[in-house]
Amino acid sequence: MRCSLLSMAGFNSPSPKWRQVDIMGWQTHALGLLAFLLWRNFKDQPIPWAIGIYPLLLLFSRLEYFLKARADPREPPLIPHPYLPFVGHLIGMFRYGAKYYDIVNKEAKYPIYTLLTLTSRTVIVASPQIAAVVQRANKSLSFYGAILSVTERMVGFDKTAMSVIWENVDRDSGDHGLMNESHDMVSSMLGPGPTLNSMSAIQLDAIADAMNSYIPTPRARPDTLDCGKPAKLTRLMDFTKHVFTTSNAYAFYGPENPFVLNPGLDKVWWTFEDSIKQFIADIVPSLTAPTANTARNKMVAALEDYARHERYNTASPLIRQRFALNFRNGLSIASTARSELILLFAIMGNAVPTTFWLLANIFSRPKLLQTLREQCGAAVTITNGEQGEVRTLSISKLKECAPLLVSCFRETLRGIIALTSVRYVREDVSILEYRLRKGSVVQMASGVIHSDTSIWGPDAAEFKPDRFLGRDESGATYALPLPPSVPSAAFRAFGGGSVICPGRHFALSEIIGFTALVLLGWEIESENGGLIQCPLKDDMKIPFTPMKPVRDVDMKITRRDGYEGCEWRLEL
C-alpha cells in the first residue's frame, strides 16, 4: 500500500530514461509548495484557497493512471504520461519525433500500446506481426481518414476541394471518387510495364545529362596541353537536391515544367519542403511561418501557371492522367495546383534524403566503395562517340552485377525510415486479440520496428552493407528482399499492405542508377581531400520523409582519375 501511494505521488518514477521525457515529478510538488507560499502571503483572505490546490494538482497529474485502471483489458495497454495527462505525450511527440515511441515503451516493450493525446487515442504498433494484420485492406481501418486532414493543412486546400477529395474515400460505394481513381491510376502506371520504363528512361537520361554537365569534361588547351582536373566545392545534400530536382521534374512534368520556366524555384521548393511541420500545426502560417508560407505561395503560383497554360500536355502520361482526373472530379485549377505539391513531396522529398544517405554510407567506407566499383563496373559498356569515349551503365545489368549496392540501398532505408503508417479506426474492430476503439488513430512505428534487436539482431543500430544479401549453392551473392527470419512487415521503407508505395520500382532504378554513376565516374572527398564523414541522423523531429542529417556534408567532387574525358549514359 505504501509503495502504491508513493508511486501515485510521483516519488517512484518508472525509469531514469522516462524521467527525461517531459515534466519532472518534482515540478508537481513544487507547484503545490508555491501554492502554499502564496497562501502564506495572502492568509488574511477569508478562504485559504491554496490549501486545495496541491491535492488537486496531484490528482490531475495521475489522472491517466486512474483511466488505465478502468480500461478495457482487451484494448492495447495504456501507457500513462507520468505528470501531464492528455497533452504530455503530444508534447513528447513534437519534441522527440518518432524516437518518442521507443522512449515511452523502452521498459515495457509492448507489441501494441495506447497513448492519450488530447481528446483522441493514439495506438502505437511496434510488432511487425500485428502491423501485417493492421495494414491489410479492412473497411474498419481507413488510410485516407487518417491523413487527409494533415494533407489539407499541408497544402492549404479550401472546403470545396476537400469535399471533392473526401468523396467515397473508403470505397463504401464502389471505386469511384478522386482519391480512389488517382490511387489506382498511379499504381497502374508506376507498376512494372511500358509506362514505368518510359518515365525511367527519360529520368535516367536527365540524370546523366545533369552529371555530365555538373563537372564538365576537361578540354586540353592548345598552347599548353593543360588537362587540369575541374573540381567543385559544395555540400552533399545540395548536390543531390540539384540533380534530382532537375531530373525528376523533367521526367514527370515534361520540358515545360515549372522549375525550367521559373529559375530559382528549386530553392523555393526545398524551403517549403523543409517547413511542412509548420503547416501541420496550422497556427496562422502567414504570421507564424512567413518564410514557409511565402515559399508555398510561390510554388502554388508556378503550378497554377503550369495548369492554366495546359503545359501538362507535354508531361508524362501519369501527369496528363492526373490532371484529367482532377478536372473531371471537379477540382479547380487552383486546387489542382495545390494537389501537385503532394506529388512533388512524394517524388523528391523521399528520393533526395535516401540518396544522400546512400552516398554518405558508401563514400565514408573506402573498402565498401572499392567493392561496389568493381561490381558496378561489370554493368558498363564502352563505345566511341563523336566527342570521345562513351560509357553506358545498364540498370538491369546493375541489379544483377551489383547485389551489394541493392543491399546497401535497402539497409540505408532501414536506418533512415521512421515514418509511421497510419490508419483511422472507423468503428470498433478486433485485431488479433486486441480491440481497437472507434475514433482511435493507429500508427505503425517504422523506426521502432527497424531498430528492434529481436528482429534485426544485436547490430540493428549499425549500417551493415550486406544485411540484405544471400548466397546460392555456388557461393555467388544475390540481393534479398528481406534477411532470413525477418517478417515481411518488419521492413517498412515503402509502407505495406493495401497502400504500399506505388513508386518503389521507380525509386529503386533512379537511386541505384544515380549512385552507381557517381561512384564509377566521380570522387567525393572532404574539402581538404580526405575521407568524408557520415553525419548523425536528425532523429528528434516528427518524420514526414526519411530522416535528414543533423548537418550537411561539405565536400569536393571531381572526376575520377582515368575517367576525366568520358561521357556517361544511363539505360534501363
Side-chain angles (χ1 to χ4, degrees), residues 203 206-216 229-252 257-260 262-277 291-292 294-296 298-299 302 341 344-364 369 409 412 416 507 510-519 521-539 541 543-560 568:
Q203 200 241 13
I207 286 177
D209 289 341
M211 285 305 300
N212 284 322
S213 62
Y214 193 75
I215 302 290
K229 182 188 288 189
K232 182 170 288 190
L233 297 177
T234 184
R235 290 180 173 176
L236 184 55
M237 185 68 81
D238 291 341
F239 162 66
T240 311
K241 285 177 179 178
H242 168 78
V243 176
F244 274 84
T245 305
T246 302
S247 59
N248 279 10
Y250 189 88
F252 279 83
N257 70 77
F259 295 94
V260 168
N262 300 273
L265 192 66
D266 56 337
K267 294 182 180 179
V268 174
W269 161 255
W270 290 108
T271 298
F272 166 72
E273 189 273 346
D274 197 43
S275 308
I276 295 298
K277 180 179 177 180
T291 302
T294 298
R296 184 172 71 176
K298 287 181 178 179
M299 283 301 309
L341 294 175
L344 286 170
F345 188 75
I347 65 177
M348 294 185 188
N350 294 314
V352 166
T354 300
T355 308
F356 167 90
W357 286 111
L358 184 55
L359 289 170
N361 283 330
I362 293 171
F363 278 94
S364 61
L369 174 61
F409 168 70
T412 294
I416 63 172
E510 66 171 340
I511 293 174
I512 67 167
F514 172 71
T515 301
L517 185 68
V518 173
L519 64 88
W522 284 264
E523 292 286 359
I524 290 179
E525 302 171 306
S526 69
E527 289 182 300
N528 299 324
L531 200 66
I532 66 167
Q533 298 298 313
C534 202
L536 296 175
K537 300 166 191 171
D538 190 358
D539 60 357
K541 292 181 179 177
F544 296 104
T545 63
M547 279 187 278
K548 294 176 181 175
V550 171
R551 58 169 180 80
D552 204 345
V553 175
D554 294 320
M555 70 172 202
K556 177 175 70 173
I557 181 169
T558 59
R559 285 188 175 250
R560 200 174 155 209
W568 286 91

Give me the atom names and distance for the closest heavy-atom approach of [X] to [Y].
| X | Y | result |
| --- | --- | --- |
| Pro546 | Gly349 | CD-O, 3.9 Å |
| Val268 | Ala295 | CG1-O, 3.4 Å |
| Met237 | Pro549 | CE-CD, 3.5 Å |

Would you indicate whether the side-chain heavy atoms of [Y] and [X] approach each other to under 4.5 Å?
| X | Y | value |
| --- | --- | --- |
| Thr545 | Glu273 | yes |
| Phe345 | Ile276 | yes |
| Val518 | Phe363 | yes |
| Met547 | Pro353 | no |
| Thr245 | Phe259 | yes |
| Asn248 | Glu510 | yes |
| Ile347 | Phe244 | no |
| Leu341 | Arg296 | yes |

Output all residues satisfying side chain to side chain contact (heavy atoms under 4.5 Å, CB included) with Ala516, sequence neighbours left out; order by chain, then residue number.
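Per chain and number, Ala516 pairs via side chain to side chain contact (heavy atoms under 4.5 Å, CB included) with Cys376, Leu393, Leu398, Leu405.
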
Only counting residues at least two apart or in another chain, list the ones meeting side chain to side chain contact (heavy atoms under 4.5 Å, CB included) with Thr412.
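Partners of Thr412 by the side chain to side chain contact (heavy atoms under 4.5 Å, CB included) criterion, ordered by chain and then number, come out as Trp357, Leu358, Asn361, Ile416, Phe463.
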
Among pairs that include at least one residue of residues 231-241, which meet salt bridge (Lys or Arg N to Asp or Glu O under 4.0 Å), considering only residues two or more places apart or in two chains?
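For residues 231-241, and leaving out neighbouring residues, the salt bridge (Lys or Arg N to Asp or Glu O under 4.0 Å) pairs sorted by first residue read Arg235-Asp554.
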
State the [atom1]-[atom2] distance between [X] and [Y], to the nearest 0.5 angstrom.
| X | Y | atom1 | atom2 | result |
| --- | --- | --- | --- | --- |
| Glu523 | Met555 | CD | CE | 12.0 Å |
| Leu359 | Leu519 | CG | CG | 8.0 Å |
| Trp568 | Met211 | CH2 | CE | 10.5 Å |
| Leu369 | Ile362 | CG | CD1 | 7.5 Å |

Please check if the side chain of [X] supplies one atom and the backbone of [Y] the other of a donor-acceptor pair under 3.5 Å.
| X | Y | value |
| --- | --- | --- |
| Asn262 | Leu265 | no |
| Asp274 | Trp270 | no |
| Ser213 | Ala210 | yes |

Side chain to side chain contact (heavy atoms under 4.5 Å, CB included) between Thr558 and Trp522, worked out:
CA-CA 6 Å; Thr558 59; Trp522 284 264; over 6 Å; no

Show the numbers, then the answer: is there a side chain to side chain contact (heavy atoms under 4.5 Å, CB included) between Phe252 and Asn257?
CA-CA 8 Å; Phe252 279 83; Asn257 70 77; over 6 Å; no

Output all residues satisfying ring-ring contact (aromatic ring centres under 6.0 Å, His included) with Phe239, sequence neighbours left out; order by chain, then residue number.
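Once residues adjacent in sequence are excluded, the partners of Phe239 under the ring-ring contact (aromatic ring centres under 6.0 Å, His included) criterion are Tyr214, Phe514.
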
Using ring-ring contact (aromatic ring centres under 6.0 Å, His included) as the criterion, list what pairs up with Phe272, not counting sequence neighbours.
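Phe272: ring-ring contact (aromatic ring centres under 6.0 Å, His included) contacts with Trp269, Phe279.
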
How about NZ on Lys556, more than 12 heavy atoms from neighbouring residues, nucleotides or ligands closer than 6.0 Å, or not?
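More than 12 heavy atoms, drawn from other residues, nucleotides or ligands, come within 6.0 Å of this atom.
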
Just distance, no hydrogens or angles: give the donor-acceptor pairs under 3.5 Å from side chains in residues 527-539, sequence neighbours left out.
| unit_1 | atom_1 | unit_2 | atom_2 | d |
| --- | --- | --- | --- | --- |
| Lys537 | NZ | Gly415 | O | 2.9 |
| Asp538 | OD2 | Lys541 | NZ | 3.3 |

